[in-house]
Amino acid sequence: MSVFNGSALYPRFLLTGFSGLESKYGLISLPVFLVYATSIVGNITILFIIRTESSLHQPMYYFLSMLALTDLGLSTTTLPTMFSVFWFHAQEIPFNACLVQMYFIHVFSIIESAVLLAMAFDRFVAIREPLRYATILTNNVIVRIGLAIAGRALALVFPTTFLLKRLQYHAVNILSYPFCLHQDLIKTTVSSRRVSSIYGLMVVICSMGLDSVLLLLSYLLILGTVLSIASKAEKAKALNTCISHICAVLTFYTPMIGLSMIRHYGQNASPIVHVLMANVYLLVPPLMNPIVYSVKTKQIRDRILKKFKKHEV
């Protein structure tokens with residue numbers, strides 16, 4: 001089989017949907033479309049409510065805006081190839097386009113992990129130092145945190161595209177999913193993948209690995225602070241402010257761990273299971289985050305209901 005160097009003649013990459021179910025792609029695309037539509041509408045609604053309600057111009061809701069923007073970015077990054085596969089059976093994707101999609105998928109995933117960590121820090125400050133909350137998390141501090149989050153993600157993922165372009169591939173390469181992921185691209189190479197694999201592992205450790213440890217530490221500190229509160233009612237109130245965030249953390253990390261476990265220990269599992277887990281990993285957090293925050297956060301819920309009632313009148 002002929003071999004192509006990534007920096008010379010570009011090889012062909014073919015995306016994969018649910019193998020063996022190609023005749024049912026029309027039906028499969030309906031729930032996928034509903035998930036995308038709900039995700040996009042939900043996150044835009046969250047942004048609109050926070051933008052138009054001055055009472056929500058607080059640190060907690062600024063971080064929620066960052067989460068909604070990240071979820072929108074993640075949804076719009078995967079949407080084009082998902083529907084090109086399911087609606088038009090167009091599997092081929094140019095090498096450079098695949099690298100660009102891979103880059104932004106991983107950038108937004110790392111940003112989401114960091115935003116969740118920032119939100120945990122926000123909850124810790126709000127519970128530990130309620131009187132100094134606004135003076136600690138000023139607008140300037142929040143902007144710096146946002147820039148640091150974006151800068152870290154962009155810088156960490158940037159070298160992966162160049163490392164992948166240096167590798168050699170088959171003339172035709174079949175990917176496992178209807179979108180491009182680093183771990184999937186690297187499997188198709190016919191040259192040594194050692195450097196790319198090591199760097200990819202370092203990125204995961206320095207981003208999501210570190211974030212998950214700091215998230216756990218944050219909640220241990222929050223729990224210690226809550227337990228030191230004398231009033232049971234105040235304890236319950238403090239913990240209640242964290243429920244939406246805990247749901248968002250579980251929604252993000254559970255599919256990611258599931259995908260990792262399937263990839264490493266599910267070699268005998270059906271390819272459909274692998275594709276399904278990858279779709280859950282990328283589609284569920286942007287879908288669930290606006291739903292969870294709309295239902296569990298009273299201020300957001302009340303403002304949304306208020307807007308609907310105003311339109312009805």
Side-chain angles (χ1 to χ4, degrees), residues 42-43 45-47 49-51 53-71 110-150 152-153 207-254 256-257 285-286 288-305:
N43 284 295
T45 301
I46 292 287
L47 289 169
I49 293 295
I50 294 172
R51 174 70 180 84
E53 292 289 337
S54 57
S55 60
L56 299 181
H57 294 175
Q58 301 174 31
M60 173 183 172
Y61 301 106
Y62 290 145
F63 287 124
L64 180 55
S65 296
M66 292 183 198
L67 186 65
L69 281 170
T70 305
D71 285 337
I110 291 172
I111 288 176
E112 179 139 352
S113 173
V115 170
L116 290 171
L117 175 59
M119 294 173 85
F121 175 68
D122 166 77
R123 291 299 82 209
F124 172 67
V125 174
I127 294 170
R128 183 70 177 267
E129 301 286 349
L131 299 179
R132 298 176 55 213
Y133 176 59
T135 58
I136 293 173
L137 288 174
T138 62
N139 289 346
N140 283 337
V141 169
I142 293 168
V143 169
R144 288 174 187 172
I145 290 172
L147 291 174
I149 287 171
R152 183 188 71 158
S207 56
M208 297 171 188
L210 177 62
D211 292 347
S212 60
V213 171
L214 293 176
L215 264 168
L216 182 60
L217 178 62
S218 297
Y219 268 98
L220 289 174
L221 293 172
I222 288 171
L223 186 60
T225 303
V226 170
L227 291 175
S228 67
I229 299 173
S231 168
K232 287 185 178 180
E234 289 298 318
K235 283 181 183 179
K237 184 180 177 182
L239 286 174
N240 192 54
T241 64
C242 299
I243 290 176
S244 298
H245 180 255
I246 292 171
C247 291
V249 170
L250 292 174
T251 300
F252 178 74
Y253 280 100
T254 303
M256 183 177 69
I257 293 169
M288 293 306 299
N289 287 337
I291 294 174
V292 167
Y293 275 94
S294 298
V295 172
K296 298 299 296 180
T297 306
K298 185 177 184 298
Q299 293 85 342
I300 297 287
R301 185 177 67 246
D302 289 347
R303 293 333 185 267
I304 291 174
L305 292 174

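Please read all numbers here as calculations on a predicted model, not as lab measurements.
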The single option from Ile46, Leu47, Val115, Asn43 that satisfies side chain to side chain contact (heavy atoms under 4.5 Å, CB included) with Ser65 is Leu47

Is there a side-chain contact between Gln299 and Tyr61, using heavy atoms and a 4.5 Å cut-off?
yes

Value for CG (Leu214) from CG (Leu221), rounded to nearest 0.5 Å, stands at 10.5 Å

Quick one: salt bridge (charged side-chain N to carboxylate O under 4.0 Å, His left out) partners of Lys298, sequence neighbours excluded?
Asp302

I need the single residue from Leu56, Ile142, Leu137 that forms a side chain to side chain contact (heavy atoms under 4.5 Å, CB included) with Tyr62. Which is it?
Ile142

Can you name the closest pair of heavy atoms from Ser113 and Ser207 and give their distance?
OG-O, 4.4 Å

Residue among Tyr219, Phe124, Phe252, Phe63 satisfying ring-ring contact (aromatic ring centres under 6.0 Å, His included) with His245:
Tyr219

Closest non-hydrogen atom pair between Ile127 and Ala238, with its separation
CD1-O, 3.7 Å

Using side chain to side chain contact (heavy atoms under 4.5 Å, CB included) as the criterion, list what pairs up with Cys247, not counting sequence neighbours.
Ile243, Val292

Work out which heavy atom in Pro59 is nearest to a heavy atom in Asp122; give both atom names and the distance.
CB-OD1, 3.6 Å

With distance as the sole test, does Thr297 use its side chain to make a donor-acceptor pair with the main-chain N or O of Ile300 at under 3.5 Å?
no

To the nearest 0.5 angstrom, please state how far the CG atom of Leu116 sits from the OG atom of Ser218.
11.5 Å

CD (Glu129) and OG1 (Thr225) are apart, to the nearest 0.5 Å, by 9.0 Å

Pairing residues for Arg128 by the salt bridge (charged side-chain N to carboxylate O under 4.0 Å, His left out) criterion, not counting sequence neighbours:
none

Which atom names give the shortest non-hydrogen contact between Pro286 and Pro290, and what distance separates them?
O-CD, 3.1 Å

About how many Å separate CG of Asn289 and CG of Leu67, when rounded to the nearest 0.5 Å?
4.5 Å

Residues His57 and Arg51: closest non-hydrogen pair is NE2-O, 3.3 Å

Separation of Ser244 OG from Leu64 CG (nearest 0.5 Å):
8.5 Å

How about NZ on Lys235, more than 12 heavy atoms from neighbouring residues, nucleotides or ligands closer than 6.0 Å, or not?
yes

Answer yes or no: is there a donor N or O on one side and an acceptor on the other, between the side chain of Arg152 and the main chain of Ala148, under 3.5 Å?
no

Any side-chain heavy-atom pair of Met60 and Arg123 under 4.5 Å:
yes

Here the gap from Glu112 atom CD to Met208 atom CE, rounded to the nearest 0.5 Å, amounts to 8.5 Å

For Met119 and Tyr293, which heavy atoms make the closest approach, and how far apart are they?
CE-OH, 3.0 Å

